[in-house]
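Remarks on the structure that follows.
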Amino acid sequence: MQQTIYLDNNATTKVDEAVLEEMLPYLSQFYGNPSSMHTFGGQVGKAVRKARSQVAALLNAEDTEIVFTSCGTEGDNAAIRAALTAQPNKRHIITTQVEHPAVLNLCKHFEKQGYTVTYLSVDSQGMIDLTELEASITGNTALVSVMYANNETGVIFPIEKIGQIAKEYGALFHVDAVQAVGKVPLDMKNSTIDMLALSGHKLHAPKGIAALYVRRGTRFRPLLIGGHQERGRRAGTENVPGIIALGKACELAQEHLAHIDKERELRDYLENGILAAIPDCAVNGHPIQRLPNTTNIGFKYIEGEAILLHLNHYGICASSGSACTSGSLEPSHVLRAMGLPYTVLHGSIRFSLSRYTTRQEVEEVLAVMPTIAERLRALSPFKNDQADWLQERQQATVSS
Ligand code: PLP
């Protein structure tokens, strides 16, 4: 069987062997309910408490500030809804144009409910301008919700500066840190963040488990109303095996953070190798303020999906910025917001590494990429003579 080279870790990650080992007994042996009065359930409750401490330690937060959820989307939804419900008289939200749909579509939903939403723009490197935030925030702003790091480009926003501005105006500050947790050090004790969402499947825990950090003292209204689990902040019997897994995954992530530069070096090796070997390609996103595992590269005059199919042929998993919806190829909203040229919008590939990525795997990608690019460019209808026309078409699309 062909070996898989998995460079799509921003989509999801492999469950770490040690994480799996830790969680398995809670699927078979220790199946008690952590809320039960008996010793059997009590043992499980103790393990859940340990996991909560492991998650809190990664964020430098208090155990009581961690609420287990089912996914990053739930955490984002719970935080945003809680912030709005707690401040019914404030009707303004600030977010960015490049958020994950978990935030963007919820903000659009609230816009239909009568809220005013400011979607901060980004520059060609995917970075926001703080003066735009300062110009739009008012005493009526209930919430500033921004992502820590972008899932497509890896661009990291100036979180603490954003938080300081939010605090000056009395707005709550929610951060979608689903892509950042485990890749950058976080310190909630010295932060302006009120609520922060993370997701297990992005850091080598299974799908279906996640957590929301809620700063002590933050007025919070639960999304799920029912039992008193999670101190009344998230009803429903706990996903115990998932929680145990997330705890272990956070412990391992903390250890890995000490070696994160190795991952960055491997990413740079891949990125520099591609840029050196293939003409007409460039990195999308800020060159420095970026996650250590992510590179998003725009290949002019080639369809991203075609590159992906060719990579797939070699067992290489990556991702394109475009989402294919009902037969039409929609360019990524993130790359569009960055105002990139039409051919780059359609020819961008994201490679996202993990602690399991090896130099050998990167070498294999570097060995096939130039041939793939050359072959596809030879067939490309987008090539050279059409580039001006495409640029004009892109400008027309963006301004429409
Ligand atoms: N936010 C960001 C930045 C993401 O990348 C993702 C997932 O890709 C999510 C939120 C949603 O997380 P989940 O898949 O756990 O719902």
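In this text, all values refer to a predicted model and were calculated from it rather than measured experimentally. Both counts, for ligands and for their atoms, begin at 1 and track the order of listing.
Not counting sequence neighbours, the partners of A177 by the side-chain contact (heavy atoms from CB on, under 4.5 Å) test are Y148, V175, A180, V181, L196. Every residue two or more places apart in sequence or in another chain that forms a ring-ring contact (aromatic ring centres under 6.0 Å, His included) with F30 is listed here: Y26.
Taking the six-membered ring for Trp, F40 and Y31 have ring centres closer than 6.0 Å. Aromatic rings from Y342 and H346 are positioned such that their centres are separated by under 6.0 Å.
Pairs engaging residues 254-273 under the ring pair (Phe, Tyr, Trp, His ring centres under 6.0 Å) rule: none recorded [sequence neighbours left out].
A salt bridge links D194 with K167: at least one charged nitrogen is closer than 4.0 Å to a carboxylate oxygen.
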Which atom pairs, nitrogen or oxygen on both sides, join ligand 1 and the protein at under 3.5 angstrom?
| unit_1 | atom_1 | unit_2 | atom_2 | d |
| --- | --- | --- | --- | --- |
| ligand 1 | 1 (N) | D176 | OD1 | 3.1 |
| ligand 1 | 1 (N) | D176 | OD2 | 2.6 |
| ligand 1 | 5 (O) | Q179 | NE2 | 2.8 |
| ligand 1 | 8 (O) | H100 | NE2 | 3.4 |
| ligand 1 | 8 (O) | K202 | NZ | 2.6 |
| ligand 1 | 14 (O) | H201 | NE2 | 3.0 |
| ligand 1 | 15 (O) | G72 | N | 2.8 |
| ligand 1 | 15 (O) | S199 | OG | 2.6 |
| ligand 1 | 15 (O) | H201 | NE2 | 3.3 |
| ligand 1 | 16 (O) | G72 | N | 3.4 |
| ligand 1 | 16 (O) | T73 | N | 2.9 |
| ligand 1 | 16 (O) | T73 | OG1 | 2.6 |

